Amino acid sequence: MSQSDPPSFHLRLTLPLQKQIKLAAVENERSMNAEILARLERSFSVDAADRAKAVKLLADALSILDKGSGKS
């Protein structure tokens, strides 16, 4: 491995997960490795503003559900 090559490691996947990744990779026209990297990078890209929006949406949804169930 040259110094410019990124580090690598062996990853064990369950067969169902491997099939899901393979299908997603085909659908997104990329390799399984690229699919895994894209999903990992996306999972770390959620910033504080996105989290705040999600929390507000969940709070609003809970409020609506509480009103529908007769709770105050």
Side-chain angles (χ1 to χ4, degrees):
M1 175 168 51
S2 75
Q3 290 198 6
S4 64
D5 289 338
S8 64
F9 65 95
H10 180 79
L11 179 65
R12 292 186 193 118
L13 302 171
T14 63
L15 189 55
L17 182 56
Q18 182 182 4
K19 287 179 180 179
Q20 285 181 304
I21 294 169
K22 191 177 287 190
L23 179 61
V26 169
E27 289 172 351
N28 293 315
E29 298 180 354
R30 52 186 167 209
S31 68
M32 285 181 62
N33 186 74
E35 185 67 30
I36 292 167
L37 288 175
R39 288 170 178 263
L40 280 171
E41 288 169 353
R42 189 171 63 225
S43 74
F44 288 110
S45 70
V46 176
D47 64 8
D50 289 336
R51 275 192 288 279
K53 287 178 190 175
V55 168
K56 181 174 180 347
L57 286 171
L58 287 171
D60 291 348
L62 286 172
S63 175
I64 291 168
L65 289 172
D66 285 345
K67 288 177 185 174
S69 66
K71 295 181 183 177
S72 295

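Please read all numbers here as calculations on a predicted model, not as lab measurements. FYI, side chains are in, hydrogens and waters are out, and symmetry mates aren't considered; it's all heavy atoms of this structure.
Pairs of residues two or more places apart, or lying in two chains, never qualify as salt bridge (Lys or Arg N to Asp or Glu O under 4.0 Å) while including a residue from residues 6-29. Within the structure, every pair that satisfies the side chain to side chain donor-acceptor pair (under 3.5 Å) test and touches residues 49-58, not counting sequence neighbours, is listed here: Lys56-Asp60. Pairs engaging residues 30-48 under the salt bridge (Lys or Arg N to Asp or Glu O under 4.0 Å) rule: Arg30-Glu35, Glu35-Arg39 [sequence neighbours left out].
The CG atom of Asn33 sits 10.0 Å away from the CG atom of Leu11 when rounded to the nearest 0.5 Å. Separating the CG atom in Leu62 from the NZ atom in Lys67 is a distance of 12.0 Å, to the nearest 0.5 Å.
By the rule that hydrophobic residues join a cluster once side-chain heavy atoms approach within less than 4.5 Å of another member, Ile64 and Leu57 end up as members of separate clusters. A continuous path of hydrophobic side-chain contacts links Phe9 to Met32 [ILVMFWY only; heavy atoms under 4.5 Å]. Note on Ile36 and Phe44: separate hydrophobic clusters, where clusters join Ile, Leu, Val, Met, Phe, Trp and Tyr whose side-chain heavy atoms are under 4.5 Å apart, directly or indirectly.
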